[in-house]
Amino acid sequence: MDFSLTQLWAQMGPFAKTVVVILLLMSLGSLLVFVERLMVFFTSKRHSLRFLSALEKNLERGGFHGAAQAHYGEALGHVGRILSLGFKVFKSRAQRPDMALESIARSLERQGAREIQQMKRGLGWLATVASTAPFVGLMGTVMGIVTAFELMAQKGGGGLDTVSAGIAEALVTTALGLLVAIPTLMAYNYLQAWVEARAVDIAEASNEFLDGIALFLESQATLEKGERRHAGAQPEKRGEN
């Protein structure tokens with residue numbers, strides 16, 4: 001028997017062929033998800049770094065108010081979208097600074113959760129393929145063994161020529177299931193680790209932003225208190241003269 005791929009495919013039964021097609025479709029879908037997620041992740045990271053660079057320059061030029069009023073474009077990245085929302089909430093709460101910090105914290109938390117959820121898109125598919133592909137291949141294995149026994153029953157013997165087709169069919173589907181599952185599992189673990197690392201970045205950026213807001217509000221309150229104290233002292237001086 002010729003064990004080339006074309007000959008193996010020709011010798012497979014309908015069930016085994018269906019298993020092979022399903023595994024190939026699962027592999028193709030996993031590859032597309034992995035490539036798409038890589039493009040999204042690296043693009044978001046590049047835009048986030050660009051946003052942070054622009055934010056640093058705006059803070060040096062115009063302080064916190066200048067950074068809040070600056071325009072950063074549409075491509076912000078995951079960090080940029082979160083901090084831009086923080087600036088937006090800060091400007092909307094300008095008349096109530098006592099409520100600004102709490103509102104900003106809630107907004108950053110909600111946006112951070114949305115960003116992480118968006119990053120995890122497609123990872124469920126990879127996890128499903130990685131966990132189920134070996135079992136799909138095992139179904140083909142079982143049917144290959146059944147085919148081998150059927151051929152033995154038909155020919156009344158158990159020689160190698162009789163069972164080789166069924167055994168080959170079983171081994172091919174088993175190997176294909178593993179070939180699909182192993183790279184998919186590796187891709188899932190890589191992307192999952194990337195998402196977890198970005199979650200840490202988001203938490204750190206949000207906390208630093210809140211610390212900056214707190215210091216800014218505290219300095220503003222101190223400045224206003226000093227101005228009121230100075231304004232209240234002016235009439236007393238004029239009265240003494």
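Numbers here are sequence positions counted from 1. Since the model is a prediction, treat every value here as computed from it, not as a measurement.
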Partner residues of Thr43 under the side chain to side chain contact (heavy atoms under 4.5 Å, CB included) criterion, sequence neighbours left out: Arg46, His47

Phe87 vs Ile104 side-chain heavy atoms within contact, under 4.5 Å: no

ILVMFWY clustering at 4.5 Å (side-chain atoms), partners of Phe135: none

By side chain to side chain contact (heavy atoms under 4.5 Å, CB included) - contacts of Val200 (at least two apart): Glu204

Backbone of Thr128 reached by a side-chain donor or acceptor of Ser131 within 3.5 Å: yes

Shortest non-hydrogen contact from Val79 toward Ala205: CG1-CB, 4.0 Å

Donor-acceptor pair between Gln111 and Arg114 side chains, under 3.5 angstrom: yes

Contacts of Thr174 that satisfy side chain to side chain contact (heavy atoms under 4.5 Å, CB included) - sequence neighbours left out: Thr141

Co-members of Met39 in a cluster of I, L, V, M, F, W and Y side chains, linked at under 4.5 Å: Leu31, Val35

Distance-only donor-acceptor pairs under 3.5 Å for side chains of residues 57-64, two or more places apart:
| residue | atom | partner | partner atom | Å |
| --- | --- | --- | --- | --- |
| Asn58 | ND2 | Ala54 | O | 3.1 |
| Asn58 | ND2 | Tyr72 | OH | 3.2 |

Side chain to side chain donor-acceptor pair (under 3.5 Å) involving Asp201 - partner list, sequence neighbours excluded: Arg198

Contact summary for Ala67 and Leu55, nearest pair of heavy atoms: CB-CD1, 3.8 Å

Derivation and outcome, side-chain contact (heavy atoms from CB on, under 4.5 Å), residues Ile82 and Arg110: CA-CA 9 Å; Ile82 292 173; Arg110 289 194 298 269; over 6 Å; no

Co-membership, hydrophobic cluster, residues Leu25 and Trp125, 4.5 Å side-chain: yes

Note, Glu56 side chain near Leu52 side chain (heavy atom, < 4.5 Å): no

Residues that Ser103 engages under side chain to side chain contact (heavy atoms under 4.5 Å, CB included), provided they are two or more places apart: Val89, Arg93, Arg106

Working for side-chain contact (heavy atoms from CB on, under 4.5 Å), residues Lys91 and Gln69: CA-CA 9 Å; Lys91 289 186 290 185; Gln69 299 298 330; 3.4 Å; yes

Nearest non-hydrogen partners of Leu23 and Ala133, listed with the distance: CD2-O, 3.7 Å

Pairs where residues 74-88 contributes a residue and the test side chain to side chain donor-acceptor pair (under 3.5 Å) is met, not counting sequence neighbours: Ser44-His78, Ser48-His78, Arg81-Glu115

Validation row: Trp194, Arg37 side chains within 4.5 angstrom (heavy atoms): no

Side chains of Met139 and Phe15 in contact at under 4.5 Å (non-hydrogen atoms): yes

Any pair counted as salt bridge (charged side-chain N to carboxylate O under 4.0 Å, His left out), so long as it reaches residues 125-147, sequence neighbours left out: none

Show every donor-acceptor pair shorter than 3.5 Å between a side-chain atom in residues 178-187 and any protein atom, with sequence neighbours excluded, or say none if there are none.
| residue | atom | partner | partner atom | Å |
| --- | --- | --- | --- | --- |
| Thr184 | OG1 | Val180 | O | 2.6 |

Contact check, side chains of Tyr188 and Phe34, non-hydrogen atoms, under 4.5 Å: no

Residue pair Leu38 / Leu191: nearest heavy atoms and the distance that separates them: CD2-CD2, 4.1 Å

Smallest separation among heavy atoms of Ser206 and Leu108, with atom names: O-CD1, 3.8 Å

Test log, rule side-chain contact (heavy atoms from CB on, under 4.5 Å), inputs Met143 and Thr173: CA-CA 10 Å; Met143 292 307 299; Thr173 54; over 6 Å; no

Side-chain donor/acceptor of Arg50 to backbone N/O of Leu76, under 3.5 Å: no

Atom CD of Glu109: over 12 foreign heavy atoms under 6.0 Å: no

Shared-cluster residues of Leu32, by chain and number - hydrophobic side chains joined below 4.5 Å: Leu28

